[in-house]
Amino acid sequence: AEPELAAQFEATVRRKDRIEPRDWMPDAYRKTVVRQVAQHAHSEIIGMQPEGAWIGRAPSLRRKATLLAKVQDEAGHGLYLYSATETLGVSRQHLTEMLIAGKQKYSSIFNYPALSYADVGTIGWLVDGAAICNQVPLCRTSYGPYGRAMIRICKEESFHQRQGYELLMTMMRGTDEQRAMVQESVDRFWWPALMMFGPPDDASPNTEQSMAWGIKTHTNDELRQRFVDMTVPQAEALGVTLPDPDLVWNEERGAHDFGQPDWDEFWDVVKGSGPCNAQRIAHRKRAWDEGAWVREAAVAFANANDEEVPA
Ligand code: ACO
């Protein structure tokens, strides 16, 4: 029956319909979905660290409550996404162990430090802005549980992006020092934000197959272009300069031309040599180790309760 199931799978993908957990799927499709969703989940969880570091230093109760809510949302996103991988038979425990062992990736962006309070705003504006650009199309990804998780995640990401932009707007209306802090932060985050979309299409080994399967619906370069075009007018409204001398509107293309990030730096960060890679994984490992007793207690509790269930 395999050729028939394979034909069904192909037809579902071609109709842009969803593949569901119990449907037949090629092994390589399953592996690719697990790889992408696991990386995505890890990014949400590791992504709590740079901003989490500022919760205790937020300048007002309102800013603190907002940042706390935002960082908690990221934890929730990680959990929805790990649940999506569980529908393919891969547990959160296994994925976390792979992450800690350095065998799975997470987004390069979270290996850069948040050095000033302006970075909380810039991460919301540029990093969550880039995340939205990449993730809105993923609401229509071919794997059902992933696409449905994305719908909720994107709504929350929009709130994150707005809070970042509003924070930067407030600082830009403040003192010269505050404006300089915002510009310095944007200068540091602009190129790493462009790198979030992944390598250029001609250096992206997975794009072609992932597009054919409907896992990805746009290429890395298409989404990077969309992000630049979306961000330029926002930067103008904010009054900051994007640090790219080659950034210019191209009338003919109806889009901005822009410079390339330093791709050697990107691969160094992806391979583990970014400014914060070691720190991020060490922190995650500490939290996982220190939480072991909670996991053990939960299992013991579940087992004990099972025994008490009347026959
Ligand atoms: N950071 C770390 N690794 C990356 C990045 C990045 N920004 N971009 C690409 N890579 C890795 C890929 O995972 C792949 O490695 P692998 O084959 O070992 O898994 C390799 O570089 C080559 O890249 P591609 O062939 O282009 O990989 P892919 O088709 O998976 O595209 C992309 C990468 C665009 C990131 C895709 O996986 C995706 O859309 N993921 C979902 C979104 C996501 O993970 N967002 C997380 C950050 S946003 C947030 O959490 C706020």
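Atoms within each ligand, like the ligands themselves, are counted from 1 in listed order.
At least one side-chain heavy atom of Leu99 sits under 4.5 Å from a side-chain heavy atom of Tyr106.
Residues His42 and Tyr82 place their aromatic rings such that the two centres sit under 6.0 Å apart.
For atom 33 (C) of ligand 1, the nearest protein heavy atom (residue, atom name, distance) is Lys216 NZ, 4.1 Å. Closest to atom 13 (O) of ligand 1 among all protein heavy atoms lies Gln39 OE1, 2.8 Å.
Defined by atom type and a distance below 3.5 Å, a donor-acceptor pair is present between the side-chain atoms of Ser185 and Asp119.
If you look at His40 next to ligand 1, the close heavy atoms, those under 4.0 Å, come from the backbone and the side chain alike. Only the side chain of Arg35 comes within 4.0 Å of ligand 1, judged by heavy-atom distances. Only the side chain of Val270 comes within contact range of ligand 1, with a heavy atom under 4.0 Å; no backbone atom does. Contact annotation: for Glu74 versus ligand 1, there are no heavy atoms closer than 4.0 Å.
In summary, the atoms of ligand 1 found under 4.0 Å from a heavy atom of Tyr146, numbered by their order in the structure, are 41 (C).
Under a 3.5 Å cut-off, the side chain of Thr141 and the backbone N or O of Pro137 do not form any donor-acceptor pair. Looking at Gln49, its side chain does come within 3.5 Å of a backbone N or O of Arg280 through a donor-acceptor pair.
Of the options Met196, His218, Met195, Lys105, the smallest heavy-atom separation from atom 15 (O) of ligand 1 is shown by Lys105.
Protein heavy atoms come within 4.0 Å of atom 38 (C) of ligand 1.
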